[in-house]
Amino acid sequence: MASSSTIQPMMLLISLIVSTLLIASSANFYNDVDITWGDGRAKILNNDNLLTLSLDKASGSGFQSKNEFLFGKIDMQLKLVHGNSAGTVTAYYLSSQGPTHDEIDFEFLGNLSGDPYILHTNVFSQGKGNREQQFYLWFDPTADFHTYSILWNPQRIIFSVDGTPIREFKNLESSGVPYPKSQPMRIYSSLWNADDWATRGGLIKTDWTQAPFTASYRNFNADACVVTNGKSSCGASGSSAWFSQELDSTGKERMKWVQKNYMIYNYCADTKRFPQGLPPECNLA
Ligand SMILES: *[C@@H]1O[C@H](CO)[C@@H](O)[C@H](O)[C@H]1NC(C)=O
């Protein structure tokens with residue numbers, strides 16, 4: 001009886017400590033990622049709070065998360081290659097392994113100074129993608145850091161930029177559209193040369209006199225279920241709002257605004273590409 005008044009502050013204290021630990025560990029690239037590629041071109045700096053990837057004529061670079069996730073809300077701030085970034089691609093995505101892998105993609109296609117980057121998105125389920133949507137951004141993504149988020153829960157995937165939803169991929173399994181929901185995914189990112197296709201379809205080549213090209217990352221935060229040895233642990237975040245989150249009316253309005261004003265390619269509108277008919281999710285959305 002007398003204990004309830006002492007237990008509650010203690011619980012509060014414990015949950016405060018736990019959440020502080022979670023936040024502290026989530027901002028530390030040294031603990032959270034492995035540099036997988038680039039022979040010193042990827043660097044972790046500023047007390048492990050900043051990560052930079054670079055690209056020169058000899059190689060690009062990349063990293064991946066140590067953890068594998070099955071659902072989560074994953075935020076990262078990126079500042080993209082500035083100046084003449086034509087020909088370069090910065091990829092930032094979630095992916096599982098194998099021939100029937102799932103994947104949730106952000107890809108940033110560079111451009112000549114002053115010309116707009118393309119933000120390319122895609123969703124793979126059971127090894128099948130072909131669900132590209134592309135956007136211009138409503139700001140210069142090279143001038144400062146901006147937050148790129150993936151919300152992935154059992155009902156939907158929502159891509160957001162600075163909190164503004166730009167794309168939603170719903171779970172339409174009941175209508176026969178495979179949905180990523182059982183293969184754990186890692187976060188991957190890389191900066192590489194793709195001047196055979198990236199900028200105006202490969203017309204503009206990488207200007208190597210501008211190398212090295214650099215992209216920066218900070219404030220990584222994964223509020224997610226982590227899979228270790230086949231066991232999923234959602235920790236303190238298991239009860240978090242993201243697990244059942246959906247777009248509210250403001251979110252829907254914002255997404256409409258982005259898609260109306262900034263979407264430059266939508267596979268669901270590409271009837272030429274799908275002469276046998278658009279993919280089923282296009283007609284169900
Ligand atoms: C680059 O700029 C041109 C001209 O504005 C534009 O057509 C193109 O979509 C931009 N982005 C890329 C990645 O090519």
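Both ligands and their constituent atoms are indexed starting at 1 by order of listing. If you read the sequence from its start, that first residue is 1, and numbering goes on from there.
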message = Determine whether a donor-acceptor pair (N or O, by modelled atom type, separation under 3.5 Å) exists between the side chain of Trp242 and the backbone of Asp223.
response = yes
ask   = Would you call the rings of Phe274 and Tyr267 parallel, tilted or perpendicular if under 30° counts as parallel and over 60° as perpendicular?
value = perpendicular
query = Is there side-chain contact between Phe124 and Asn130, with at least one heavy-atom pair below 4.5 Å?
reply = no
inquiry  = As a test of reading the model: which residues have a non-hydrogen atom less than 4.0 Å away from ligand 1?
reply    = Leu109, Gly110, Asn111, Asp115, Pro116, Ile118, Tyr136, Ala198, Thr199, Arg200
ask   = Is any side-chain heavy atom of Ser54 closer than 4.5 Å to a side-chain heavy atom of Phe213?
value = no
inquiry  = Is the terminal nitrogen or CZ of Arg156 (NZ for Lys, CZ for Arg) located under 6.0 angstrom from the six-membered ring centre of Phe169 and within 45° of that ring's axis?
reply    = no
message = On a heavy-atom basis, which atom in Gln155 and which in Tyr179 lie closest, and how many Å separate them?
response = C-OH, 3.7 Å
